[in-house]
Amino acid sequence: MPVHTTIDSPIGLLTLVAVDDGLTGLYMVEQRHRPAQETFGHPDHTPFPAVVEQLGEYFSGDRTDFDLPLAMRGTPFQLTVWNELTKIPYGETVSYGELAGRLGNPSASRAVGLANGKNPISVIVPCHRVVGSTGDLTGYGGGLERKRHLLAFEKKIGGATLF
């Protein structure tokens, strides 16, 4: 049975959702593809101390990757895309086409984009690091302003170039 808690962050309130085997969701307010609140289970902060700690370290600029048990739920293709997202280095971006190429199917950029948009664990599984083929900031489930903020933050902290 899932449980959830809500925390504040520099990009607004975040709802964390977990089941016994790990984190299943990190959702922003007004996030596209956000499940209904009643699917998050009852409020319980117990399983989230490590998540809260690592998010705090990330937002303070002291963490560039996460080490948390994740229990992502999706189709086999979505899980493959989401796993590949975790390999995009902090402060760097890739295009949807490049991500599709890494998966062995360069013509699947649209399918990769759809899977990327349904990523249930934003920030930790860094879907914000995927951009259009020209480097343009294209759709983001949490809104383009949040995507812009996260990329600028990582560029500032990491000193990397975005495009």
Side-chain angles (χ1 to χ4, degrees), residues 1-94 96 99 111-131 137-158 162:
M1 176 105 165
V3 296
H4 75 280
T5 194
T6 303
I7 63 169
D8 200 8
S9 81
I11 57 172
L13 291 176
L14 302 175
T15 300
L16 309 175
V17 183
V19 293
D20 294 336
D21 55 344
L23 188 68
T24 61
L26 186 158
Y27 300 102
M28 300 171 209
V29 174
E30 298 176 9
Q31 179 171 334
R32 190 174 9 149
H33 305 296
R34 178 185 168 115
Q37 184 73 25
E38 55 270 11
T39 66
F40 296 160
H42 67 278
D44 182 357
H45 186 74
T46 307
F48 300 104
V51 179
V52 172
E53 179 182 0
Q54 290 188 30
L55 284 169
E57 292 167 353
Y58 170 82
F59 285 119
S60 69
D62 295 327
R63 177 175 285 279
T64 59
D65 60 354
F66 294 89
D67 181 23
L68 296 165
L70 304 180
M72 299 183 74
R73 308 289 199 271
T75 68
F77 180 75
Q78 288 172 331
L79 293 170
T80 300
V81 171
W82 300 336
N83 181 60
E84 196 64 32
L85 292 174
T86 65
K87 298 174 186 174
I88 304 170
Y90 181 92
E92 295 183 22
T93 59
V94 300
Y96 294 98
L99 192 58
V112 164
L114 290 171
N116 193 57
K118 292 188 177 181
N119 170 20
I121 305 181
S122 303
V123 182
I124 292 170
V125 176
C127 53
H128 61 277
R129 297 179 188 155
V130 185
V131 298
L137 300 187
T138 57
Y140 182 60
L144 287 181
E145 197 54 43
R146 285 188 181 118
K147 182 173 189 166
R148 190 173 293 111
H149 173 87
L150 290 167
L151 291 174
F153 171 74
E154 288 185 7
K155 180 180 179 185
K156 177 182 172 189
I157 298 298
L162 291 178

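Values below: all heavy atoms of this structure, side chains included; hydrogens, waters and symmetry mates excluded. Everything quoted here is computed from the prediction, not taken from an experiment.
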Derivation of the side chain to side chain contact (heavy atoms under 4.5 Å, CB included) call for His128 and Leu151: CA-CA 7 Å; His128 61 277; Leu151 291 174; 4.0 Å; yes
Candidate pair Val81 and Leu114, rule side chain to side chain contact (heavy atoms under 4.5 Å, CB included), full reasoning: CA-CA 10 Å; Val81 171; Leu114 290 171; over 6 Å; no
Closest non-hydrogen atom pair between Phe153 and Gly61, with its separation: CZ-N, 3.8 Å
Least distance between heavy atoms, Glu84 atom then Leu99 atom: CG-CD1, 3.4 Å
CG (Asp67) with more than 12 external heavy atoms under 6.0 Å: no
Thr15-Arg34 side chain donor-acceptor pair, cut-off 3.5 Å: yes
Parallel, tilted or perpendicular: rings of His45 and Phe48 (30°, 60°): tilted
Over all atoms of both residues, closest heavy-atom pair of Arg73 and Thr24: NH1-CG2, 3.9 Å
Gap between atom NZ of Lys155 and atom CD of Glu92 - 0.5 Å precision: 13.0 Å
Expected output: side-chain Lys147 to main-chain Cys127 donor-acceptor under 3.5 Å: no
Side-chain donor or acceptor of Asn119 paired with backbone N/O of Val125 under 3.5 Å: yes
Aromatic ring pairing Tyr90/Tyr58, orientation class (parallel under 30°, perpendicular over 60°, tilted between): perpendicular
Thr93 vs Glu154 side-chain heavy atoms within contact, under 4.5 Å: no
Distance, nearest 0.5 Å, that separates CD of Gln54 from CD1 of Ile124: 7.5 Å
Test item: Leu68 and Ile121 side chains (from C-beta on) under 4.5 Å apart, heavy atoms: no
Rounded distance (nearest 0.5 Å) linking atom NZ of Lys87 with atom CG of Leu85: 10.5 Å
Shortest non-hydrogen contact from Thr86 toward Pro126: CA-CD, 4.1 Å
Heavy-atom pair of closest approach, residues Met28 and Leu14: CG-CD2, 3.7 Å
Residues Val112, Val130; criterion side chain to side chain contact (heavy atoms under 4.5 Å, CB included); working and verdict: CA-CA 10 Å; Val112 164; Val130 185; 5.6 Å; no
Criterion side chain to side chain contact (heavy atoms under 4.5 Å, CB included) on Leu150 and Phe59, from CA distance to verdict: CA-CA 9 Å; Leu150 290 167; Phe59 285 119; 4.0 Å; yes
Residue Glu30 excluded, over 12 heavy atoms near CD under 6.0 Å: no
Any side-chain heavy-atom pair of Ile7 and Val51 under 4.5 Å: no
Euclidean distance, Trp82 CH2 relative to Lys118 NZ, rounded to 0.5 Å: 9.0 Å
Under 3.5 Å donor-acceptor, His42 side chain and Val3 backbone: no
Over all atoms of both residues, closest heavy-atom pair of Ser122 and Gln31: OG-NE2, 3.4 Å
